[in-house]
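Lettering of chains follows the sequences in order, A, B, ..., and the numbering in each one begins at 1.
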2 protein chains.
Amino acid sequence: MNGHNNTEQAILEAAESLFFEKGYKLATTTAIAARAGVTHAMLHYYFRTKEQIFLKVLDKNMNELFDMMHTVMSPELTFSEILVEVVNLNYTFLAGHSQLPGLLFEIAGTCPEMLTRYKERFREMLDVELRRHRDRFEREVKAGTISPIDPFQLVFMIVSMNLSTYLALPVMRNVFGMDEDRITAFIEERRGEIMRTLSARLFGNDFSERQTEKK
Amino acid sequence: MNGHNNTEQAILEAAESLFFEKGYKLATTTAIAARAGVTHAMLHYYFRTKEQIFLKVLDKNMNELFDMMHTVMSPELTFSEILVEVVNLNYTFLAGHSQLPGLLFEIAGTCPEMLTRYKERFREMLDVELRRHRDRFEREVKAGTISPIDPFQLVFMIVSMNLSTYLALPVMRNVFGMDEDRITAFIEERRGEIMRTLSARLFGNDFSERQTEKK
DNA sequence: TTATTGTTTAACAGCATTGTTAAATCATTG
DNA sequence: CAATGATTTAACAATGCTGTTAAACAATAA
């Protein structure tokens, strides 16, 4: 009655984990039902279709994604703070949603209609929120405190660097045979390397050096 | 008789394009047969199973991939040349194999056994070929001509930056609604940005500037 | 108790998938 | 031409998938 139905919740959780593991098309309703410990008819009773379940799961994750992005884009942050925030928060978010990017890539490639409902929010993100920082950004470029760079390229660079780390994990595990300890180490080394690279690109030096210089 | 059987070739070509479009699991033998213009029984006659067809297609592409990597790793090239070569050649290769990375990610995640046969070659690539450059690389670091960086991190950075460009295309097209002209422009802008970023990380400045300085 | 409502089960329909097989067709060679 | 082998077809088997439905079950309220 209260929307926290046991079965419904079990189905949603099973669905989420399976969608993350197998992708949208390959996660079967039968398998979801089995993992949730109910007959597969139940999940048609509660959600009607597989697509409905997926949209519920997707929506939850997309809201978390947009929340994270809004935090990062917060107008209170200075540009330099944003840089650190973006990398760290985005990285932390990915640690808890390491399978989301892969799923989104699948959807974007095979059934982009399911992402249509988020197009407007994406656009707003880039057009409105990013533009809000653009002036300050370009002032810094003019003043010579950061190297010239197209803001869109910068955003793309940051996001793609972070994503790459997590997208590569299955390859690291299954092709290069890394164990979980090595994986953890890799993720941290990579975070440092991303910071150093971005810092070199924008400030022409190592960011940690820059931090200490400042005092 | 000569291995250039018409039907066989048609099936292989249809299979390759469909595997690239839909991925391994979602490309059905029936659809492959339809695209090749033969009945689906034909492709069992020629290849026995779907997996066999896939392995044929995969093998062809992996050989091209390793050829490219060997060229890049060629011992005749100096480290600075390699940097330019790696980015450009790797980028060119991706232009002609833009769907291969996605397919490999799927396989690495869902049925890594199919990649086992290439593990040895990957390992040799990293252990032998990369090591061959390591000494020279570390001399340059010691001499201060390039910034200190872990060779593996560098390779990962280069490859992941290039891959990101192509992996993002479906998102750019279907979510951000870029048309093909915009896509082409994006790919070129991105190549420039990758060069500038790597150059800043390694040499502390813009690579094109460095090129002109040198004369 | 009985009626009502919400939940669960089991069986089924319809379809798509991979792979098989027996027979038909085609090409080549003696 | 005839016969041998390679190729192609059409029909079929077996399985798994999504989604439906009628009936069983449980909880609750009259």
Taking N or O atoms only and anything under 3.5 Å, show me the protein contacts with nucleotides 14-19 of chain C, one pair per line.
{"residue": "C/dT18", "atom": "OP1", "partner": "B/Thr29", "partner atom": "N", "Å": "2.8"}
{"residue": "C/dT18", "atom": "OP2", "partner": "B/Thr29", "partner atom": "N", "Å": "3.0"}
{"residue": "C/dT18", "atom": "OP2", "partner": "B/Thr29", "partner atom": "OG1", "Å": "2.5"}
{"residue": "C/dT18", "atom": "OP2", "partner": "B/Thr30", "partner atom": "N", "Å": "3.4"}
{"residue": "C/dT18", "atom": "OP2", "partner": "B/Thr30", "partner atom": "OG1", "Å": "3.3"}
{"residue": "C/dT18", "atom": "O5'", "partner": "B/Thr29", "partner atom": "OG1", "Å": "3.4"}
{"residue": "C/dG19", "atom": "OP2", "partner": "B/Lys50", "partner atom": "N", "Å": "3.0"}
{"residue": "C/dG19", "atom": "N7", "partner": "B/His40", "partner atom": "NE2", "Å": "3.0"}
{"residue": "C/dG19", "atom": "O6", "partner": "B/His40", "partner atom": "NE2", "Å": "2.9"}

Nearest-Å distance, [atom1] ([X]) to [atom2] ([N])?
X: A/Ile53; N: D/dT18; atom1: CD1; atom2: C1'; result: 11 Å
X: A/Met42; N: C/dA10; atom1: CE; atom2: C1'; result: 13 Å
X: A/Tyr45; N: C/dA11; atom1: OH; atom2: P; result: 21 Å
X: B/Gln52; N: C/dT20; atom1: CD; atom2: P; result: 11 Å
X: A/Leu43; N: C/dT9; atom1: CG; atom2: P; result: 13 Å
X: B/Glu8; N: D/dA6; atom1: CD; atom2: P; result: 14 Å
X: A/Asn6; N: D/dA26; atom1: CG; atom2: P; result: 17 Å

Item to complete: May I ask you to check whether B/Phe93 and B/His97 place their ring centres under 6.0 Å from each other?
Response: yes
Is it the case that [X] and [Y] place a side-chain donor and acceptor less than 3.5 Å from each other?
X: A/Tyr118; Y: A/Asp59; result: yes
X: A/Glu113; Y: B/Asn174; result: no
X: A/Glu85; Y: A/Asn90; result: no
X: A/Arg191; Y: A/Asn162; result: no
X: B/Thr184; Y: B/Glu188; result: no

Item to complete: Establish, with yes or no, whether the OP1 or OP2 oxygen of D/dT8 is under 4.0 angstrom from a side-chain nitrogen or oxygen of B/Tyr46.
Response: yes
